[in-house]
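Since the model is a prediction, treat every value here as computed from it, not as a measurement. Excluded from the calculations below are hydrogen atoms, water molecules and symmetry mates; all remaining heavy atoms, backbone and side chain alike, are included.
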Amino acid sequence: MSQVSFYLRRLLRKMWFLPAVFSALAVLTILAAFYLARWAPEELPFTITQQAVQSILEILATSLLTVSVFALSTLVAALSSASASTTPRAAQLIVGDRSAQTSISLFIGAFLFSILAILGLSAGIYGSASRMLLFSVTLGVVALVVVALIRWIAQISDIGRVGHTIDRVETATAHALRTLEEHPLFDCRLLEGEPEGVPVSTDKLGYIQHFDAKRLQTLAVEHDLQIAVTARPGSYVSAARPLMMVEGELNDKLTAELIRAFVVGGQRSFDSDPRFGLVVLAEIADRALSPGVNDPGTAIDVIGTLTRLLSSWQPSTPTDPENDRVVVPPLAPQDLLEDAFRPIARDGAGIIEVVLRLLHSLEIVAELNPELRKAALTTARDAAGRAQQTLKAPGDLHALHAAAHFTQSA
């Protein structure tokens with residue numbers, strides 16, 4: 001994915017983008033109703049009075065202002081609820097929920113349409129043909145608002161709930177894992193051994209959100225370079241932690257162009273960083289296991305989600321990469337398993353139900369995913385060891401030993 005695509009995707013998820021688009025459509029609709037009337041016949045079968053159209057528009061303008069404020073306040077409350085009951089890192093997924101954005105944007109766009117149409121009618125710029133077209137468009141807007149209201153009623157019953165937030169994080173993580181499965185090295189060659197060359201760093205402090213491998217390849221071909229990327233998306237970088245190691249002749253201008261191929265931000269992104277999705281899911285489970293919440297059921301639900309995500313992940317090995325002058329380190333399986341399960345193993349060690357579900361899930365991952373088998377067994381041994389030190393009841397210890405039998409396999 002190029003940087004243009006990355007920035008465009010991020011723009012489309014901004015909360016203000018869809019309302020701005022719908023508002024622009026509202027303005028264009030008003031202008032179209034005025035100009036298209038020029039091609040309408042002189043004599044119409046029937047006409048609509050200005051008062052009739054204006055009455056409907058006034059009802060829309062009055063009601064949609066209230067509905068828009070209510071919808072926005074509901075979304076804010078959902079964000080607060082999700083941050084308090086799950087993790088603040090999941091809030092960006094709720095803000096970027098396209099269904100919620102579409103409903104709110106439609107309310108705002110319809111409100112602006114009503115206001116502009118009332119102004120046009122009051123100014124007397126619409127003739128009989130224009131009023132007819134405006135009336136037809138208004139009926140369509142009313143129908144869209146009714147549909148949006150029904151959808152919004154269905155959405156507010158779910159948005160902000162723990163289960164809904166888990167589903168949103170699972171969807172984002174699954175998408176990132178699928179992308180990683182298809183492009184495990186971002187269409188570059190595998191970095192084997194230690195990288196060589198001159199370290200290239202950025203003065204910014206933050207997380208790598210994306211890097212443009214094709215842009216690096218183009219620069220490498222033009223200037224006869226070999227580039228070893230040392231910071232995958234999700235890595236925290238600084239002047240002391242280089243973005244890449246470069247073999248070849250460098251100058252200040254070329255170094256700046258290479259650095260511009262990386263997007264550094266204050267937060268991690270779900271798009272190219274599946275580990276972040278696993279971390280967020282683990283945080284949700286971890287908060288559920290805290291003494292103040294004491295909700296092991298949610299932790300068990302998250303464990304099931306993690307099992308679905310990891311048991312089927314099978315990254316491919318590129319044989320003829322497109323970016324042959326760029327090498328990228330592989331994603332370590334142990335890092336995936338530790339991000340997903342270690343917080344739960346640590347804080348759920350004293351709850352036998354959580355421990356048993358965790359061990360069972362790791363056994364499933366080890367059986368179904370050869371790529372993660374070794375890491376799953378290592379993580380399971382760690383979880384069993386933590387539980388062994390925490391659990392006291394003989395019955396719990398017996399159940400633990402029975403569930404951990406698979407960790408003895410090679």
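The main-chain N or O of D324 is found under 3.5 Å from a side-chain atom of R189 such that the two form a donor-acceptor pair. Checking side-chain atoms of T62 against main-chain N and O of I59 turns up no donor-acceptor pair under 3.5 Å. In this structure, E257 contributes its side chain and L219 its backbone to no donor-acceptor pair below 3.5 Å. Counting only distance, with no hydrogens or angles, the side chain of H360 and the backbone of L356 share no donor-acceptor pair below 3.5 Å. Side-chain N or O atoms of T390 include none that pairs as donor or acceptor with a backbone N or O of A387 at under 3.5 Å. Looking at S311, its side chain never comes within 3.5 Å of a backbone N or O of L368 through a donor-acceptor pair. Remark: side-chain polar atoms of H405 are paired, donor with acceptor, to backbone N or O of A402 under 3.5 angstrom. A donor-acceptor pair under 3.5 Å is absent between the side-chain atoms of R275 and the main chain of L336, judged by distance alone. S122 places no side-chain N or O within 3.5 Å of a backbone atom of L119 that could act as its donor or acceptor partner.
Taking CZ of R325 as the reference point, atom CG of N323 lies at 12.0 Å (rounded to 0.5 Å). Rounded to the nearest 0.5 angstrom, L64 CG and L149 CG are separated by 7.5 Å. Here L289 contributes atom CG and N294 contributes atom CG; the two are 8.5 Å apart, rounded to the nearest 0.5 Å. I351 contributes atom CD1, which lies 15.0 Å from atom CZ of R357 (distance to the nearest 0.5 angstrom). Rounding to the nearest 0.5 Å gives a distance of 12.0 Å between CZ of R342 and CG of D286. The structure places CZ of F406 at 9.5 Å from CD1 of I364, a figure rounded to the nearest 0.5 Å.
Applying the salt bridge (charged side-chain N to carboxylate O under 4.0 Å, His left out) rule to R178 yields no partners; only residues at least two apart in sequence or on another chain are considered. For F135, there are no ring pair (Phe, Tyr, Trp, His ring centres under 6.0 Å) partners, not counting sequence neighbours. Scanning for salt bridge (charged side-chain N to carboxylate O under 4.0 Å, His left out) contacts around D301 gives an empty result, with sequence neighbours left out.
Between D273 and R268 there is a salt bridge, with a side-chain nitrogen of the basic residue lying less than 4.0 Å from a carboxylate oxygen of the acidic one.
Looking only at atom types and distance, the side chain of E283 has a donor-acceptor partner in the side chain of T87 under 3.5 Å away.
Residue L180 comes nearest to P274 through the heavy atom pair CD2-CG, 3.6 Å, listed as atom of the first residue, atom of the second, then distance.
Using cut-offs of 30° and 60° for the angle between ring planes, the F262 and F211 rings count as parallel.
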